[in-house]
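From a predicted model like this one, the values you see are computed outputs, not experimental measurements. So you know, we letter chains A, B, ... as the sequences are listed, proteins then strands, and number each from 1.
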2 protein chains.
Amino acid sequence: MTAGPRERLVDSAITLIRERGVHATGLTDLLEHSRTARASIYQHFPGGKADLIAEATHAAGRQMDTFVAGVLESGAPLDAIDALLRWLRRTLRDTDFAVGCPVVAAALSGADTTAAREAAASAFRGWQRTLAAAFTREGLPEATAVSLAGFVVSGIEGALVQARAMRSVQPLDDARVQLAALLRGYLGETGSDDQ
Amino acid sequence: MTAGPRERLVDSAITLIRERGVHATGLTDLLEHSRTARASIYQHFPGGKADLIAEATHAAGRQMDTFVAGVLESGAPLDAIDALLRWLRRTLRDTDFAVGCPVVAAALSGADTTAAREAAASAFRGWQRTLAAAFTREGLPEATAVSLAGFVVSGIEGALVQARAMRSVQPLDDARVQLAALLRGYLGETGSDDQ
DNA sequence: CCTCCAGTAGATCGATCGGTCTATGTGGAA
DNA sequence: TTCCACATAGACCGATCGATCTACTGGAGG
């Protein structure tokens, strides 16, 4: 509950960027949402908005990576992917399809925001590494695990974009079914055939 | 070479949105890039920028759908996906990873731009339909074909986002390999094992 | 006590945003 | 030729952008 200005700014940046994208998120919105003084931005992020966005993207990437790693170490990879997709589905519905992935938003923020793009790339690589480690733990060769992990990220992120556009969780459900089929091909028959 | 103001505006909108996103694309950039008078926007798009973006998204969706449908009717689905991924890879490299998918950009343009979001959803549905038709032609059940088609779109779009962020074509190559594995599971062994 | 400084509140800056306006040019139909 | 719809060039509007600035507040450390 301490939540200093810096932490509030990062949290608000993640929230607003998920909803509106980088360029559509103004500092005024950011300050109002985080109940923070304008000067506090430049106190903690000398580079201004660009710095804040980059740090928010890094933070969002770490949060998601922690979540995925947590679910992975207590279950099979497919169950972890399932849990992630279920959580995304619930989040989308709860917010009336208003929120997307902050890392994707940062990745597409344009050519002028190099720091944000690099932060997004770093987050993607982190997720891929975490997933690939789980796949190798299941016996997959290193190269196969890395490729598969990268594609799992692609499939989920793409489904999230489609789901927002269509205002439907169907793309996430399709991703669940198809990723299950793909993983079954690599890892053989394993659970996760619930409803 | 006729290329009236309306056509030039739509083409420029597609180009600039691919690079910068909707909100980061200003009317001034648009007019300069399309060499068009400011008033011409409101002549052809009474709703202003929002109308133009929506029409550009529709046009981009149709163009891509035509491309995909063309490649699909002269080859197996996997070969068509291969051709699409190869084209995306070359485009990314030729532009130094500056361009993405205009439909994705429109889909993430925010809550205020409803028309653009709907245009993006329409484009996604069109691609899914086109792909699903090809899969049913190969003998897949309707429901399976639709689900698989939706996921193929997700996987490709997600790979494109990752590729831009990382400035690497690796995600597209991963998508190729994994989509091939997935389709092989449904359709059995079919060509496309070149390098 | 006083000092110091992160935090707050808000005025203000130049630049740019999307949109509207006038003036002028142009090419085809009546 | 006359006419008119369209295209162009560019000034202009209020609003908002990111960023800088001053003035004030409150609590920790000497």
Side-chain angles (χ1 to χ4, degrees), chain A residues 1-17 19-57 102 105-106 108-117 119, chain B residues 1-17 19-57 102 105-106 108-117 119:
Chain A
M1 207 47 181
T2 8
R6 182 189 162 94
E7 189 179 351
R8 296 203 309 272
L9 280 170
V10 170
D11 287 346
S12 289
I14 294 176
T15 300
L16 295 182
I17 287 172
E19 298 175 2
R20 320 178 188 186
V22 171
H23 285 275
T25 299
L27 292 189
T28 304
D29 311 317
L30 218 39
L31 297 172
E32 185 182 355
H33 186 274
S34 61
R35 300 190 318 281
T36 303
R38 205 170 185 83
S40 293
I41 292 183
Y42 303 94
Q43 178 78 23
H44 298 281
F45 306 95
K49 185 184 179 182
D51 266 17
L52 172 55
I53 298 299
E55 174 53 35
T57 304
L108 303 182
S109 57
D112 48 329
T113 55
T114 305
R117 205 217 70 234
Chain B
M1 208 47 182
T2 8
R6 183 189 161 94
E7 190 179 352
R8 296 202 309 271
L9 279 170
V10 170
D11 287 346
S12 290
I14 293 177
T15 299
L16 294 182
I17 288 172
E19 298 176 2
R20 320 177 188 188
V22 170
H23 285 276
T25 299
L27 291 189
T28 304
D29 311 316
L30 217 40
L31 298 171
E32 185 182 355
H33 186 274
S34 62
R35 301 190 319 281
T36 303
R38 204 172 185 82
S40 292
I41 292 183
Y42 303 94
Q43 178 77 25
H44 298 281
F45 306 96
K49 185 183 178 180
D51 266 18
L52 172 56
I53 299 299
E55 173 54 33
T57 305
L108 303 182
S109 58
D112 47 328
T113 55
T114 307
R117 206 217 70 237

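A105(B) is linked by a side-chain contact (heavy atoms from CB on, under 4.5 Å) to I17(B), counting only residues two or more places apart in sequence or in another chain. For A54(A), the side-chain contact (heavy atoms from CB on, under 4.5 Å) criterion is met by A115(A), not counting sequence neighbours. Remark: S109(A) pairs with T113(A) by the side-chain hydrogen bond (donor to acceptor under 3.5 Å, both in side chains) rule, at least two apart or across chains. Residues passing the side-chain hydrogen bond (donor to acceptor under 3.5 Å, both in side chains) test with S40(A), sequence neighbours excluded: none. Residues passing the side-chain contact (heavy atoms from CB on, under 4.5 Å) test with S34(A) are R8(A), L9(A), S12(A), T36(A), sequence neighbours excluded. With sequence neighbours left out, the side-chain hydrogen bond (donor to acceptor under 3.5 Å, both in side chains) criterion links E55(A) to R62(A).
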Query raised in the report: Going through the distances and angles, do V22(B) and L108(B) end up as a side-chain contact (heavy atoms from CB on, under 4.5 Å)?
Result: CA-CA 8 Å; V22(B) 170; L108(B) 303 182; over 6 Å; no
Query - Working for side-chain contact (heavy atoms from CB on, under 4.5 Å), residues T114(A) and R117(A) - result: CA-CA 5 Å; T114(A) 305; R117(A) 205 217 70 234; 4.0 Å; yes
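With rounding to whole Å, I41(B) atom CD1 is found 14 Å from dG10(D) atom C1'. Atom CG of L27(A) is separated from atom C1' of dA19(D) by 8 Å (rounded to the nearest Å). Computed from coordinates, the L31(B) CG to dA9(D) C1' distance equals 11 Å when rounded to whole Å.
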Report each atom pair, protein N/O against N/O of nucleotides 4-8 of chain D, whose distance is under 3.5 angstrom.
residue : atom : partner : partner atom : Å
dA7(D)  : OP2  : H44(B)  : NE2          : 3.0
dT8(D)  : OP1  : R8(B)   : NH2          : 2.9
dT8(D)  : OP2  : S40(B)  : OG           : 3.4

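Within residues 48-56 of chain B, the residues having any heavy atom under 4.0 Å from DNA chain C are, by residue number, G48(B), K49(B).
Every pair passing salt bridge (charged side-chain N to carboxylate O under 4.0 Å, His left out) that includes a residue from residues 21-30 of chain A is listed here, sequence neighbours excluded: R20(A)-D29(A). Applying the salt bridge (charged side-chain N to carboxylate O under 4.0 Å, His left out) rule to pairs touching residues 38-53 of chain A yields nothing, sequence neighbours excluded.
Nucleotides of DNA chain C that come within less than 4.0 Å of any heavy atom of chain B span, from the 5' end to the 3' end, dC17(C) to dC21(C).
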